[in-house]
Engineer: 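After the structure tokens below, expect a handful of questions from me.
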Amino acid sequence: MSSLSSSPYPILFASFNQDNSGFAISTKDGFKIFDSSTGRLCYERAVGAFNIVEMLYSSSLLAIVGAGEQPSLSPRRLCLFNTTTGNALRELNFLTSILAVRLNKKRLVVVLREKTYIYDANTLAILDTIDTVPNLKGLCAFSPSLDACYLALPASTTKGTVLVYNVLEFLSHCEIDAHHAPLAAIVLSSNGMYIATASEQGTIIRVFLVSEATKSYSFRRGTYPSTIYSLSFGPSTQLQDILVATSSSGSVHVFSLGFTINHRSRRSSGILGSILPESVNDVLDPAHHHVLHNAFPPGVKSCAVVRKVDRVPDTSATEFLAIRAPISIITYNGYFQEYTFSINNQSESLWSLEHEFNLLTVIADNNKSS
């Protein structure tokens, strides 16, 4: 089934680039590339519907896959496209529909239903093939880091097990039993250090240290099941500060990672801190969970990223720094929102909507259009 006939939204696909500085959307008419910080439309091409538009940082290279509405835009054909020349550089054809594409400066990853292919990004020589469990959603996560270049894929259709694969050395790094229910969302931090997971239940989000395959955090998103649409770490090259999630409830959730260590040490002298194991403690402790309710209509698909994280001196304390982060959100009903999210030393959060505009009506060289 094509995206057009199955999607209730005007936006068929949306993705941010590897450092969250830009993003791409596709509609039934074509695709557009935007600058995340200004909302400026950088490039558009109206040649038909696309299922996938992936950027390579802010370069002129795109990996695009058609939605199959016309023979020239087959969902089985991957085209590497140059936005500067407007020409296709190379094409790769497959026997079944392409469900996801990821790339960095050394590797190109193509996810099909039961196979995942790894290519050299420069020569397009095929380097490895991974046989996978049926991956109907094309779930995958990829770290653009060349030091810890990991790919994560579902390893089970009945429970939330993740295969973490090293695509530079072509070997399985580990399998992580993350959830009882099948996976709904996975993301790797940009430095490859952490992986975050959510199951189809959507009530608990877990974070694992990839090198050790050990659980670092468990966060309770909510009590009632909800579909997690996206997960995103801050783009830090060091320790991660925050993790952001969007869900079918119409809410944006931010989980603070950096503060958890500080709060743990202060809390350990308390009654619960001395009795409960840390992983349970994390789930029960709401201090690190910040929610923006009704950010968009419930049920509307969305994706959000943390563009950067700034640590600023907190005037209320000398021991800690506060966190301030711009969070960009794309909703598949056609809107872009940017919030400034901040947390102070007391774990109090503030959301400030900086701008919002309609992605479908924006025109070139307009910073904001509605």
Side-chain angles (χ1 to χ4, degrees), residues 3 7 9-37 39-45 49-67 73 75 78-81 83 97-105 107-111 116 121 135 137-145 151-153 184-190 196 198 228-235 243-246 252 296 300-307 326-338 359-360 362:
S3 290
S7 174
Y9 312 111
I11 291 182
L12 306 179
F13 178 86
S15 70
F16 287 84
N17 65 358
Q18 291 82 356
D19 59 8
N20 298 335
S21 63
F23 64 91
I25 65 165
S26 69
T27 68
K28 63 181 177 57
D29 300 316
F31 60 84
K32 298 179 179 184
I33 307 295
F34 293 85
D35 181 294
S36 296
S37 60
R40 182 176 65 88
L41 176 62
C42 303
Y43 182 86
E44 62 180 323
R45 190 169 179 88
F50 289 84
N51 278 345
I52 295 169
V53 183
E54 291 285 348
M55 305 171 65
L56 179 62
Y57 291 93
S58 296
S59 73
S60 58
L61 180 69
L62 299 178
I64 56 178
V65 178
L73 298 178
L78 169 65
C79 173
L80 294 180
F81 183 81
T83 58
S97 293
I98 300 164
L99 301 180
V101 176
R102 297 289 187 272
L103 67 164
N104 66 12
K105 293 173 181 176
R107 294 290 182 261
L108 169 69
V109 176
V110 180
V111 179
T116 295
N135 185 6
K137 301 173 189 170
L139 273 183
C140 67
F142 188 49
S143 164
S145 167
L151 171 69
L153 297 162
I186 49 177
V187 69
L188 279 155
S189 60
S190 58
I228 302 298
Y229 289 133
S230 72
L231 292 169
S232 171
F233 286 104
L243 172 71
V244 62
T246 61
V252 183
F296 40 86
V300 172
K301 192 175 179 181
S302 58
C303 65
V305 298
V306 187
R307 285 203 296 106
I327 295 178
S328 298
I329 305 165
I330 300 170
T331 59
Y332 277 54
N333 61 347
Y335 288 89
F336 175 85
Q337 301 171 327
E338 177 160 309
L359 291 165
L360 306 175
V362 68

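Below, all heavy atoms of this structure are taken into account, side chains as well, without hydrogens, waters or symmetry copies.
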Engineer: For Lys32, I'd like to know if atom NZ has over 12 heavy atoms of other residues, nucleotides or ligands within 6.0 Å.
Structural biologist: yes
Engineer: Does the side chain of Lys105 reach to within under 4.5 Å of the side chain of Tyr57, using non-hydrogen atoms?
Structural biologist: yes
Engineer: How many angstroms lie between CG in Leu103 and CG in Leu80, if you round to the nearest 0.5 Å?
Structural biologist: 8.0 Å
Engineer: Does the side chain of Val53 reach to within under 4.5 Å of the side chain of Ile33, using non-hydrogen atoms?
Structural biologist: yes
Engineer: I'd like to know if the side chain of Tyr332 and the backbone of Ala14 have a donor-acceptor N/O pair within less than 3.5 Å.
Structural biologist: yes
Engineer: Hey, is the main chain of Ala304 close enough, under 3.5 Å, to the side chain of Ser230 for a donor-acceptor pair?
Structural biologist: yes
Engineer: Looking at Ile98 and Leu78, what are the two nearest heavy atoms and their distance?
Structural biologist: CD1-N, 3.5 Å
Engineer: Give, for atom CG of Leu99 and atom CG of Leu139, the distance between the pair rounded to the nearest 0.5 Å.
Structural biologist: 10.0 Å
Engineer: Can Ser36 and Ser328 be counted as having a side-chain donor-acceptor contact under 3.5 angstrom?
Structural biologist: no
Engineer: Would you find a donor on one side and an acceptor on the other, under 3.5 Å apart, between the side chain of Asp35 and the backbone of Cys42?
Structural biologist: no
Engineer: With heavy-atom distances below 4.5 Å as the criterion, would you say the side chains of Leu360 and Ile11 are in contact?
Structural biologist: yes
Engineer: Please round to the nearest 0.5 Å and tell me the distance separating atom SG of Cys303 and atom CD1 of Ile25.
Structural biologist: 10.5 Å
Engineer: State, with a plain yes or no, whether a side-chain heavy atom of Asn51 is found less than 4.5 Å away from one of Phe13.
Structural biologist: no
Engineer: What closest approach, in Å, do Leu108 and Val101 show between heavy atoms, and which atom pair accounts for it?
Structural biologist: CD1-CG1, 3.7 Å
Engineer: How close do Pro75 and Ala67 get, heavy atom to heavy atom, and via which atoms?
Structural biologist: CD-C, 4.4 Å
Engineer: Find the distance between CG (Asp29) and CG (Leu12) and round it off to the nearest 0.5 Å.
Structural biologist: 9.5 Å
Engineer: Check ring-ring contact (aromatic ring centres under 6.0 Å, His included) between Phe34 and all other residues, then give those that pass, not counting sequence neighbours.
Structural biologist: Phe23
Engineer: Between Gln18 and Met55 (side chain of the first, backbone of the second, donor and acceptor by atom type, cut-off under 3.5 Å), is there such a pair?
Structural biologist: yes
Engineer: Is the shortest side-chain heavy-atom distance between Phe31 and Ile64 below 4.5 Å?
Structural biologist: yes
Engineer: To the nearest 0.5 Å, how far apart are CZ in Phe142 and CD1 in Ile186?
Structural biologist: 12.5 Å
Engineer: Give the minimum heavy-atom separation between Ser143 and Ser190, together with the two atoms involved.
Structural biologist: OG-O, 3.3 Å
Engineer: On a heavy-atom basis, which atom in Ala196 and which in Leu231 lie closest, and how many Å separate them?
Structural biologist: O-CD1, 3.8 Å
Engineer: For Arg45, which residues count as a salt bridge (charged side-chain N to carboxylate O under 4.0 Å, His left out) partner, sequence neighbours excluded?
Structural biologist: none
Engineer: For the side chain of Thr246 and the backbone of Val252, is there at least one donor-acceptor N/O pair under 3.5 Å apart?
Structural biologist: no
Engineer: So does Tyr9 have more than 12 non-hydrogen atoms from other groups sitting under 6.0 Å from OH?
Structural biologist: yes
Engineer: For Val111 and Cys140, work out which heavy atoms get closest and say how close.
Structural biologist: CG2-SG, 3.9 Å
Engineer: Nearest 0.5 Å, what's the CD1-CG distance between Ile330 and Leu359?
Structural biologist: 6.5 Å
